[in-house]
A.B. asks: 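I'd like to ask some things about the structure below.
Every value quoted in this text rests on a predicted model; they were computed, and no experiment measured them. Values below: every heavy atom of this structure, side chains too, minus hydrogens, waters and symmetry copies. When a ligand or atom number is given, it counts from 1 through the structure's own listing order.
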Amino acid sequence: MTPDEFRKNAHELVEWMASYMENVESFPVKSAVKPGEIFNKIPDKPPRKSESFSNFIRDLDEIIMPGITHWQSPDFFAYFPANTSPPSILAEMIIATLGAQCMNWETSPAAAELEEKMMIWLRDMIGLPANFEGVIQDTASTATLSAILTAREKATAFTSNNEGLNAGRILRVYCSEQAHSSIEKGVRISGIGKRNLVKIPVSEDFSMDPEKLKEAIEADKKNGFLPCCVIATIGTTGTTAVDPLKPIGEICSENHIWLHVDAAMAGTALILPEFQWMLFGREYIDSFVFNPHKWMFTNFDCTAFFTKDAESLIRTFEILPEYLKTRTRGQVNDYRDWGIPLGRRFRALKLWSVIRSFGTEGLQEKVRQHIQFAANLKGLILKEKDFEILAPVVINVVCFRYAPAGCDEKKINILNEKLNHLLNDSGKIYLSHTVINGKYTLRMVTGQTNVTFSHVEKAWALILQTARRLKG
Ligand SMILES: *Cc1c(COP(=O)(O)O)cnc(C)c1O
């Protein structure tokens with residue numbers, strides 16, 4: 001493809017992109033294809049000769065689009081959002097055009113220095129203390145693994161990278177019963193081992209019970225284990241519960257345990273002064289992760305990882321073969337030493353574009369609206385006697401179920417599972433579920449970039465109607 005052909009194709013593609021954005025609501029939110037359906041439509045062999053871009057776009061529409069679930073539809077209420085926005089997409093086009101590998105400062109100084117500045121912007125926007133430094137990573141899973149590995153190194157006086165974990169005391173990691181599965185994955189692959197992940201019981205609001213944490217750590221110490229890392233969650237995936245950082249942090253500080261905070265989705269709410277309470281106890285945090293690629297309108301991937309001990313992080317990950325030695329080492333940030341992969345995309349550009357396009361006030365306004373929608377939805381649900389709210393509505397997630405009179409728990413679970421599938425199969429909205437205290441729970445997340453309250457009301461009307469038809 002020559003630059004001239006590129007220009008023509010790209011103009012047409014931008015038309016395709018804009019019209020997708022305008023028409024996204026006309027697609028079934030959740031793809032209805034069967035397993036294998038797309039695979040079987042794609043030729044078994046690659047083409048031997050060059051094909052036109054217009055053929056490619058034709059197949060995109062005919063083969064691929066039916067197999068897409070529309071995360072950017074305002075009728076998408078499932079999981080957590082994975083939002084994008086026009087300024088993010090535009091920056092992503094530039095990132096792909098430049099195709100820079102941003103592993104060292106020298107391999108693109110602008111990328112390293114913009115990243116450093118964006119992490120300062122974000123740190124200040126969410127209210128982390130000024131002694132925190134940040135780095136962009138691909139996912140919260142990777143950032144949490146990086147935190148666990150750093151904590152492991154620190155707890156073993158920086159010997160485990162060299163010696164392996166065989167020699168020393170058995171390490172222990174703690175998180176709440178409601179914590180994300182990425183923590184268990186991190187503990188498994190860090191060599192610490194799943195059996196050394198201690199899941200702490202939660203209080204009534206599904207947040208970690210600090211007393212139980214204290215008891216678990218004391219018991220472990222008595223039994224000769226070495227507590228190494230506590231992972232607190234701000235905004236659990238099931239119900240957006242917020243673990244109390246202050247009492248947890250005090251316990252960590254007394255016992256010299258690394259405190260990592262997983263705020264993957266809810267971290268964005270910290271840009272609102274009225275949600276700064278979630279960071280109460282921030283002085284105890286050693287590392288912190290949140291995903292602008294979830295609720296901050298920056299398309300995947302873009303994870304912000306902060307630590308006040310960058311020295312230990314770098315000491316854990318630094319490796320310096322001859323071919324990576326540069327003359328600027330020590331004067332600048334070589335972000336390849338701040339995480340697992342060597343190669344890095346120029347993701348800071350997306351953040352710069354998004355934050356400048358929305359402005360911090362524009363971001364606050366959108367996030368505040370989403371939180372208000374959830375509160376309003378809770379109000380609508382509470383008006384219906386045959387529905388129940390199953391967890392506190394803290395941010396942008398409402399957990400509820402249909403519970404008509406005269407049905408036992410088992411029947412209610414079956415009804416709600418059916419309801420969930422009927423709603424999703426309708427293509428009109430997409431919800432996902434969790435299980436709370438044995439109860440099949442519908443989760444509705446009001447955080448999609450373009451969701452308005454009328455989308456929420458329309459979804460609620462559909463849920464009511466579908467539920468009652470199901471019962472009758
Ligand atoms: C989404 C989520 C994760 C995982 O995020 P990835 O970036 O996909 O790895 C981890 N923790 C919490 C609380 C989450 O909501």
A.B. asks: So, for Ile395 and Ala269, which heavy atoms are closest and what is the spacing to 0.1 Å?
C.D. replies: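 It is CG2-CB, 4.1 Å.
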A.B. asks: Who are the residue neighbours of ligand 1 when the rule is a heavy atom under 4.0 Å from any of its atoms?
C.D. replies: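 Lining ligand 1 at under 4.0 Å, by heavy atoms, one finds Phe80, Thr139, Ala140, Ser141, His180, Ser182, Gly235, Thr237, Asp262, Ala264, Asn291, His293, Lys294.
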A.B. asks: May I ask you to decide if the ring planes of Phe387 and Phe400 are parallel, tilted or perpendicular, using 30° and 60° as cut-offs?
C.D. replies: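 The rings of Phe387 and Phe400 sit tilted, inter-plane angle from 30° to 60°.
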A.B. asks: Taking only residues two or more places apart in sequence, or in another chain, which ones meet Phe373 in a ring pair (Phe, Tyr, Trp, His ring centres under 6.0 Å)?
C.D. replies: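 So Phe373 forms a ring pair (Phe, Tyr, Trp, His ring centres under 6.0 Å) with Phe453.
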A.B. asks: Who pairs with Phe297 by ring pair (Phe, Tyr, Trp, His ring centres under 6.0 Å), at least two apart in sequence or on another chain?
C.D. replies: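 If we apply the ring pair (Phe, Tyr, Trp, His ring centres under 6.0 Å) test to Phe297, skipping adjacent residues, the hits are Phe358.
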A.B. asks: Kindly write out the residues that satisfy ring pair (Phe, Tyr, Trp, His ring centres under 6.0 Å) with Phe27, not counting sequence neighbours, or none if the list is empty.
C.D. replies: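 Expected list: Tyr20, His70.
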A.B. asks: Would you say that Val242 contacts Ser207 through its side chain, given a criterion of any heavy-atom pair below 4.5 Å between the two side chains?
C.D. replies: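 No, every pair of side-chain atoms sits at 4.5 Å or beyond.
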